[in-house]
A.B. asks: 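The structure under discussion is supplied below as structure tokens; questions concerning it will follow.
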Amino acid sequence: MRKTILFVSIILSVVFTSCDFNTVLHPTFNEPVKNFFKEYTENAVIEEMILPETAYIDEKENNCIDSTQKYTIQFNMRNPQGYSLVPSVKFESLDTSIDVSEITIEQTDLSTVIMTLPQSFLADSDEGKNISPTVSLYEPRTGRTFVPFTGNLYCNTKPTMLYNATILNDNNTTFALAFDMPESAELALRNKDLTTISINGKSHSIKIDEEGNFSFTDPEFTSEFKSTYTAISGKAFVTTDRSVFYATGDVFSNGDKEYTITLTDEAGLISQTLASTKITKLVLPDVNDSDNNGLENGSNIMLAVLYNKDYHTIKITPPTKDHVGNDVPDTTVHYTLYQGTRKSARLYESGTTKEEKTLDLTVGTWYLEAYAEKTNYENSAPFKCDIRVIDATIFISENGSDNDDEADGTEAYPYKTVAKALSDLRNRKYQPLDYIFSISGNIEENAVISGDINGGSLTLAGKLKDGTESISTVSISTEKPVILRDIKVTQNLNIAEGTSVSLKNDAIINKVMANSTFYMESNATAKEVQLKTGAYISISDAITSEKAATIIPENYTQAVKLVTEKTEGLLKDNYAKFAIKQLTDGTKCIVDKDGTLLMTIEARTVEIIVDENRSDISVKKTQSGSTVTFTAATGFQSYKWIFEDSEIGTTNKVDIDTSSLAKGWYDITLLAKASDGTYHSFYAQLRKED
């Protein structure tokens, strides 16, 4: 203790002895120190950016990450006051067309900010794009924004691995090298910057276009499998549309041979693939559905969503064998999953795994690639599979497409016709589902729904409950129930015998040709229903439309059944909402309360009393059924017929339908102007009785 005190005393003596107190105590001496401490203690600032362990530095000394997964970037900050901050980020050197909406950034504790870069963003930013972030810190309590921090960061994935590299024997003369280029989606995504392919150090130019197509300038490369090629050590090569064959020129011998294939991009990044006769080849990874059924390599698979889920789960398992059956532990699988149709696929997820990997695939089209690797083994051939995940809804739009490369029946990629949607449905493994065709816009199609629809029932539904979506004509002849809901049929709905058809919600039908009973409820309406004898309209639930349908029976017969009820009590509350097209002979036809046709004969004669004192025009009176016709003499310049104070005609002839008139007297007047300018008149009264 004494030594410490003595030491401090000596230091203080030295300091005070050497100081000019007039200078030290002067106010201006302390200003820089005070400002420093004020700045240090009252502001928050990011001091460093921490990159993932897999980050690297390229040839231009730029920090780089790849797009094989999502990444989190950590920013360490000085925050003496413990502010709760709202961080934000901009990428000032990045193309503004690249979507940054899924990037998140937040303060996780007093000294840390975390930014998450999704894989979709990184894939769009690949091939050496500048993604240097500028991070700002906003302090909401005081409204201050502190000095922003800008880091150095680029996105550039190393060139993709080649698939299935295999050495072949070319006619016992030379060695040939075979391999598969990656799919065009992968090349277009992040490998358009490839420049060189080298075989055991010999370099050749390679070019990748915007669509992911590849080309070689040197003649050693070809896409044709020669009949002189044979396998070595049982390593057969299966040709695909991505296969490339390279004439090595090396003399064939029975000894071991090995080739290293190197891909190089514009930034000098490389990937290497080994082909060797000395080592064995890994078998394919296993890919299974949720029921552990193996998915077949190279196939187009259709899977249904899981019960009470909106996705199907597949599982990728690393292989444990080589091509000759030896056990191989601890292999690594590289997988890439794309979402969308082949012409519009987008990277969804890629990565590596040494354990079983599960992927949840939502409704739509997917493309999966996976291969296995292990040091001192040749990579496996690639597992490639197109996967459709389906549910009960297929989307149809006037702006859709029936091209399988452009549409898959999802809401994002709808079909154009009902016919294509039915074809899709019939290609599916049978599912006892109640399918829905969700229709958008106006479909100009004579849709035929016939035979087995490969499901439980089928609903044609508009997206809006106002009947604005439409189909031209629908003809139904399937044994499965068909429902039309919130949709308009602008021409004919043809219902074959033995079918079950329901009109619901705001279904609007121009004309129904019904050879079988069909159901109506809610606000569904039919302008005209041609009803075959023995077929009925069945009320399946309360009808809200005041005029649900106008029926034209095949035979107008008293008491013939036209309307029935699915549940007792519906008929008595709704029968009056159905009308009958009237006959021309004066017979009044209505739907009676029991749903039958009630016919009442109107009076065949109507009494007409003419007031001769007020009539100076010759007018002829005739009657046909309930229609009375007045025909005045010709030769007048103008005519004006008035019935009960309402003008009803301007020619010399007028028809008056008396079928809907109540019992009583009605006034009829004609005013006519002659060519000499004089006016003439006719006046009569019509007497209507029950």
Side-chain angles (χ1 to χ4, degrees), residues 159-170 175-192 194 197 199 204 206-209 211-216 218-248 259 261 263 271-276 280-287 294-301 316 319 322-323 333-338 340-343 345 347 350 365-373 377-388 404-405:
T160 186
M161 298 287 287
L162 297 172
Y163 292 144
N164 211 20
T166 306
I167 300 174
L168 300 174
N169 173 1
D170 186 4
F175 287 104
L177 184 60
F179 56 87
D180 281 340
M181 291 293 291
E183 288 293 327
S184 56
E186 173 66 17
L187 293 179
L189 180 71
R190 49 193 173 196
N191 288 277
K192 297 188 296 296
L194 289 177
I197 181 170
I199 314 292
H204 307 270
I206 184 173
K207 184 177 181 180
I208 312 296
D209 67 15
E211 285 73 41
N213 302 309
F214 59 87
S215 59
F216 303 91
D218 293 340
E220 291 95 330
F221 295 92
T222 179
S223 60
E224 296 182 6
F225 182 90
K226 294 167 58 176
S227 60
T228 54
Y229 291 156
T230 56
I232 300 174
S233 303
K235 297 179 185 177
F237 183 83
V238 179
T239 304
T240 71
D241 61 352
R242 310 297 292 177
S243 295
V244 176
F245 302 92
Y246 176 75
T248 68
Y259 291 97
I261 311 171
L263 290 176
S271 69
Q272 290 187 330
T273 303
L274 180 67
S276 175
T280 57
K281 187 183 193 69
L282 296 176
V283 299
L284 289 169
D286 289 325
V287 182
L295 305 187
E296 184 180 350
N297 183 31
S299 60
N300 195 320
I301 305 296
I316 305 172
D322 64 11
H323 82 285
V333 168
H334 298 256
Y335 66 91
T336 306
L337 181 66
Y338 301 90
T341 65
R342 283 299 185 101
K343 285 193 174 181
L347 177 70
S350 64
T365 300
W366 302 82
Y367 176 67
L368 174 68
E369 285 188 348
Y371 68 92
E373 73 164 356
Y377 291 85
E378 282 187 354
N379 294 349
S380 74
F383 177 93
K384 300 180 180 182
C385 188
D386 291 284
I387 302 171
R388 284 273 313 282
D404 288 333
D405 288 335

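Side-chain atoms are counted along with the backbone in the values below, which use heavy atoms only and exclude waters and symmetry mates.
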A.B. asks: For the atom pair CG (Leu177) and CD1 (Ile199), what is the distance rounded to the nearest 0.5 Å?
C.D. replies: 5.5 Å

A.B. asks: List in chain and number order the residues that pass side-chain hydrogen bond (donor to acceptor under 3.5 Å, both in side chains) with His334, two or more places apart in sequence or in another chain; answer none if no residue qualifies.
C.D. replies: Glu373

A.B. asks: Do any N or O atoms from the side chain of Ser271 and from the backbone of Pro159 form a donor-acceptor pair under 3.5 angstrom?
C.D. replies: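 Yes, the answer is positive, given that a donor and an acceptor are paired below the 3.5 Å cut-off.
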
A.B. asks: I'd like to know if the side chain of Lys281 and the backbone of Ala381 have a donor-acceptor N/O pair within less than 3.5 Å.
C.D. replies: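 No, the answer is negative, given that no donor and acceptor are paired below the 3.5 Å cut-off.
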
A.B. asks: Side chains of Leu162 and Met181: closer than 4.5 Å at any heavy-atom pair?
C.D. replies: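 With C-beta onward as the side chain, the pair touches.
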
A.B. asks: Please report the interatomic distance CG(Asp170) to OH(Tyr229), rounded to the nearest 0.5 Å.
C.D. replies: 5.5 Å

A.B. asks: Look at the aromatic rings of Phe221 and Tyr246 and report parallel, tilted or perpendicular, splitting at 30° and 60°.
C.D. replies: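 Answer is tilted, since the angle falls between 30° and 60°.
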
A.B. asks: Do you know which two heavy atoms are closest between Ala370 and Val333, and how far apart they sit?
C.D. replies: CB-CG1, 4.1 Å

A.B. asks: So does Ile301 get a backbone contact from the side chain of Ser299, meaning a donor-acceptor N/O pair under 3.5 Å?
C.D. replies: no

A.B. asks: Does the side chain of Phe216 reach to within under 4.5 Å of the side chain of Ile197, using non-hydrogen atoms?
C.D. replies: yes

A.B. asks: Which atom pair, heavy atoms only, marks the closest approach of Ala231 to Leu168?
C.D. replies: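 Looks like CA-CD2, 4.3 Å.
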
A.B. asks: Rounded to the nearest 0.5 Å, how far apart are CZ of Phe179 and OG1 of Thr273?
C.D. replies: 9.0 Å

A.B. asks: Is Glu296 atom CD crowded by more than 12 heavy atoms from other residues, nucleotides or ligands, each under 6.0 Å away?
C.D. replies: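 No - once you tally the heavy atoms of other residues, nucleotides and ligands closer than 6.0 Å, there are 12 at most.
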
A.B. asks: Considering the options Glu183, Arg242, Glu369, Lys384, which one meets the side chain to side chain donor-acceptor pair (under 3.5 Å) requirement together with Tyr163?
C.D. replies: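 So the option named by the test is Glu369.
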
A.B. asks: Answer whether the closest heavy-atom distance between the side chains of Leu263 and Asn191 falls below 4.5 Å.
C.D. replies: no

A.B. asks: Quick one: do Ile232 and Phe175 satisfy side-chain contact (heavy atoms from CB on, under 4.5 Å)? Show the steps, please.
C.D. replies: CA-CA 10 Å; Ile232 300 174; Phe175 287 104; 4.0 Å; yes

A.B. asks: Roughly how far, to the nearest 0.5 Å, is the CG atom of Leu274 from the OH atom of Tyr259?
C.D. replies: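 It is 12.0 Å, given to the nearest 0.5 Å.
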
A.B. asks: Ring pair (Phe, Tyr, Trp, His ring centres under 6.0 Å), that's the test. Do Phe237 and Phe245 meet it? Break it down for me.
C.D. replies: CA-CA 11 Å; Phe237 183 83; Phe245 302 92; 5.6 Å; yes

A.B. asks: Show the nearest heavy-atom pair for residues Glu378 and Ala165, with the distance to one decimal.
C.D. replies: OE1-O, 3.5 Å

A.B. asks: Do Thr228 side-chain atoms and Lys226 backbone N/O form a donor-acceptor pair below 3.5 Å?
C.D. replies: no

A.B. asks: With sequence neighbours left out, what residues match Glu220 under side-chain hydrogen bond (donor to acceptor under 3.5 Å, both in side chains)?
C.D. replies: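 side-chain hydrogen bond (donor to acceptor under 3.5 Å, both in side chains) check on Glu220 returns Lys202.
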
A.B. asks: Measure across Ala188 and Glu211 and return the closest heavy-atom pair with its distance rounded to 0.1 Å.
C.D. replies: CB-C, 3.8 Å

A.B. asks: Could you check if a side-chain atom of Leu194 sits within less than 4.5 angstrom of a side-chain atom of Phe214, using non-hydrogen atoms only?
C.D. replies: no

A.B. asks: Taking atom OG of Ser233 and atom CD1 of Ile167, what is their separation to the nearest 0.5 Å?
C.D. replies: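 The distance works out to 9.0 Å.
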
A.B. asks: Would you check if Thr160 and Thr336 make a side-chain contact, meaning some heavy-atom pair closer than 4.5 Å?
C.D. replies: no

A.B. asks: Any idea which heavy atoms bring Asn213 and Asp209 closest together, and the distance?
C.D. replies: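 Between these two residues, the closest heavy atoms are N-OD1, 2.8 Å.
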
A.B. asks: Quick check for you: to the nearest 0.5 Å, what is the distance between Leu295 atom CG and Ile387 atom CD1?
C.D. replies: 5.5 Å

A.B. asks: Considering all heavy atoms of both residues, which atom of Met161 and which atom of Asn379 are nearest to each other, and what is their separation?
C.D. replies: CE-ND2, 3.5 Å

A.B. asks: Between Asp180 (side chain) and Thr240 (backbone), is there a donor-acceptor pair under 3.5 Å?
C.D. replies: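 The answer is no, because no donor-acceptor pair under 3.5 Å joins these two groups.
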
